[in-house]
Amino acid sequence: MKAAKMIRYDWTNLRADVVGSGQGLTPADLDAHRPAARAAVERIGARVDRGELGFPGLPFDKAALAEVERYARAQRGRYHWVLVLGIGGSALGAFALDAAANGPRPFRKKKVPAELVVLDNVDPLILGRALDQLDPRRTLVLVITKSGSTAETMSQFLIVYDWLRKKVGAKKAARQVAAVTDPKKGDLLEIARSEGFALFAVPPNVGGRFSVLTPVGLLPAALVGVNIRQLMAGAGSVVEDCRKPELESNLALASALHQFLLDTRYGKNIQAVYCYSNALYPLAFWYRQLWTESLGKQRDRKQREVFCGQTCVAALGVTDQHSQSQLYMEGPRNKVITFWEVERNPYAIRIPRLFPKRDSTGYLGGRTLNELFRAEKFATELAFTEAGRPNCSLVFPLADEHAIGQMMMLAEFQTAYAGEFYDINAFDQPGVELGKQLTYALLGRAGFDAERARIAAYRKQKAALLKR
Ligand code: PA5
């Protein structure tokens with residue numbers, strides 16, 4: 001069997017001797033941080049070995065994979081729609097996997113076993129349209145929430161389950177729902193048990209945004225025809241390297257350190273992922289959540305105020321060359337660009353030699369769209385480099401399951417290591433909690449009286465200011 005090709009990382013253009021002093025990394029920067037890098041690998045490794053961090057072990061859990069495959073096989077041909085109700089880490093992975101394997105939207109592979117719909121918002125317009133247009137008899141509902149209580153997901157679930165019961169009857173409706181949640185606690189777990197839904201577990205030692213390789217991402221992916229075996233093989237193939245202590249042999253560690261240093265020493269507090277692939281573009285949004293929710297923290301581990309984290313934005317190449325590139329070239333010097341490019345495209349499209357005498361068409365005729373696409377990425381890279389804008393490239397051999405599996409595991413390790421460099425907890429999200437609690441208070445959930453008092457005080461103060 002041919003060995004699968006691996007993702008490559010080219011960081012030449014992050015170097016100060018390439019992009020200019022003060023704009024990029026020096027050998028001294030890296031040497032000074034080798035002990036910290038080794039310590040990061042040791043600390044994360046120890047947590048993995050103690051079973052506190054579960055994400056690196058997921059590709060080797062054959063039983064979990066087989067359980068999802070069995071369920072997906074049994075559902076094949078029964079449904080036209082797979083409707084995911086979830087948000088954040090419980091939604092973005094499924095969308096990214098479907099786009100990479102079956103997409104990009106709106107054009108899809110000709111034969112997908114079912115179409116994925118991810119409802120990761122509570123905008124009434126989108127849910128209303130979905131319920132108007134989905135055929136309830138041909139819709140399999142996946143309600144995905146690790147905590148089993150997230151307001152957005154639970155409200156969607158109540159609406160969709162009620163709709164389903166009214167349309168197909170209570171007995172059938174229960175068979176058309178699968179729940180993915182914590183195996184030990186939470187309201188969804190109890191509801192799923194009492195209603196008799198198919199039930200899948202998110203391992204307790206795998207946090208929301210690190211959970212794509214659990215049934216959170218695997219179940220929807222398998223139902224819409226993603227080859228989850230290849231995905232897991234890709235993810236598993238990088239784990240050993242991700243645990244090596246040397247920067248030279250550990251892409252995740254090196255890239256975490258690069259971003260950390262560029263942010264904290266050189267003011268590059270924005271990482272723009274410039275994705276030259278429509279199929280991989282949704283993966284950039286999955287990555288954006290992983291990176292920003294993990295690293296954006298007010299306090300470090302010693303409870304000192306640090307207000308750290310690097311903003312991640314997603315851009316699509318070449319489309320955003322006509323939208324974002326101007327800012328990246330000439331705007332504030334606060335960005336590092338991470339290009340994502342794909343080596344091999346399944347389509348080779350020749351540009352016809354029409355209108356050969358015209359300036360704007362003559363030189364294009366006879367070339368391929370693939371050449372143009374590659375040339376535009378190269379030209380953008382060169383232009384950024386000449387302008388002293390640090391940039392690096394992640395080169396995917398192909399936009400397929402194996403490569404996306406590699407990328408997901410690399411990104412999770414990279415994020416974990418970056419958390420160590422910033423000396424923060426990359427696995428919590430205290431900043432999201434307050435917004436959630438205030439929403440509960442506004443909607444009258446019991447036990448949130450203090451938040452209700454805060455809301456009343458805020459409203460009073462705002463009304464007084466508006467009167468002035
Ligand atoms: O990374 C996280 O923990 C969050 O983004 C969660 O995935 C998100 O808030 C959804 O949580 P839950 O799966 O509990 O509904």
Side-chain angles (χ1 to χ4, degrees), residues 52-56 58 83-97 118-123 127 141-161 177-192 197 199-221 282-298 309-312 314 408-409 411-416 418-419 424-440 443 445:
E52 288 169 27
L53 292 180
F55 73 86
L58 295 171
L83 177 63
V84 168
L85 311 177
I87 197 162
S90 289
L92 288 158
F95 195 58
L97 291 172
V118 179
L119 288 185
D120 61 351
N121 201 351
V122 289
D123 180 345
L127 191 58
V141 177
L142 307 184
V143 50
I144 306 180
T145 159
K146 181 171 183 204
S147 60
S149 61
T150 302
E152 294 87 346
T153 306
M154 293 311 271
S155 60
Q156 288 175 337
F157 163 67
L158 296 174
I159 295 163
V160 170
Y161 192 40
V177 180
V180 183
T181 192
D182 187 282
K184 297 224 171 79
K185 56 180 195 305
D187 284 345
L188 180 63
L189 178 71
E190 287 178 21
I191 293 170
F197 298 161
L199 194 50
F200 294 85
V202 190
N205 61 358
V206 181
R209 54 193 173 275
F210 290 81
S211 69
V212 61
L213 301 176
T214 73
V216 168
L218 295 181
L219 184 63
L283 183 64
F285 291 86
W286 171 85
Y287 177 77
R288 180 181 73 169
Q289 187 224 3
L290 179 69
W291 193 246
T292 54
E293 196 165 292
S294 301
L295 303 178
K297 296 288 151 70
Q298 181 178 352
Q310 192 189 39
T311 303
C312 180
M408 285 175 153
M409 186 56 76
E412 290 178 359
F413 266 106
Q414 182 202 30
T415 304
I424 48 101
N425 180 356
F427 300 95
D428 67 0
Q429 53 286 324
V432 184
E433 294 308 315
L434 179 59
K436 280 190 187 175
Q437 286 158 8
L438 293 172
T439 306
Y440 295 150
L443 292 186
R445 187 169 170 176

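Numbering of ligands and ligand atoms starts at 1, following listing order. Computed from a predicted model, the values in this text were never measured in an experiment. Counting from 1, the numbers follow the sequence of the chain as shown.
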### Message
So Val202 and Asp182, do their side chains get closer than 4.5 Å, heavy atoms only?
### Response
no
I need the nearest protein heavy-atom contact for [atom]: residue, atom name and distance, please.
atom: atom 10 (C) of ligand 1; result: Ile87 O, 3.3 Å
atom: atom 2 (C) of ligand 1; result: Glu293 OE2, 3.2 Å
atom: atom 14 (O) of ligand 1; result: Ser147 OG, 2.7 Å

### Query
Between Phe285 and Phe95, does the ring centroid distance fall short of 6.0 Å?
no
### Task
Would you please indicate if the ring centroids of Phe197 and Tyr161 are separated by under 6.0 Å?
yes
### Task
Report the residues that fulfil side-chain hydrogen bond (donor to acceptor under 3.5 Å, both in side chains) with Gln414, sequence neighbours left out, ordered by chain and then residue number.
Ser255, Tyr287
### Query
Looking at residues at least two apart in the chain, or sitting in another chain, which of them share a side-chain hydrogen bond (donor to acceptor under 3.5 Å, both in side chains) with Lys146?
none
Which is closest to [atom] in terms of heavy atoms, [options]?
atom: atom 9 (O) of ligand 1; options: Lys436, Lys146, Gln429; result: Lys436
atom: atom 13 (O) of ligand 1; options: Gly207, Ala91, Ser90; result: Ser90
atom: atom 11 (O) of ligand 1; options: Val206, Thr153, Thr150, Val202; result: Thr150

### Message
Heavy-atom contact check, 4.0 Å cutoff: does Gln289 meet ligand 1?
### Response
yes
### Query
In terms of atom number and element, which parts of ligand 1 are under 4.0 angstrom from non-hydrogen atoms of Gly89?
5 (O), 6 (C), 7 (O)
#### Entry: Pair Gln429-Arg209, side-chain donor/acceptor within less than 3.5 Å
yes
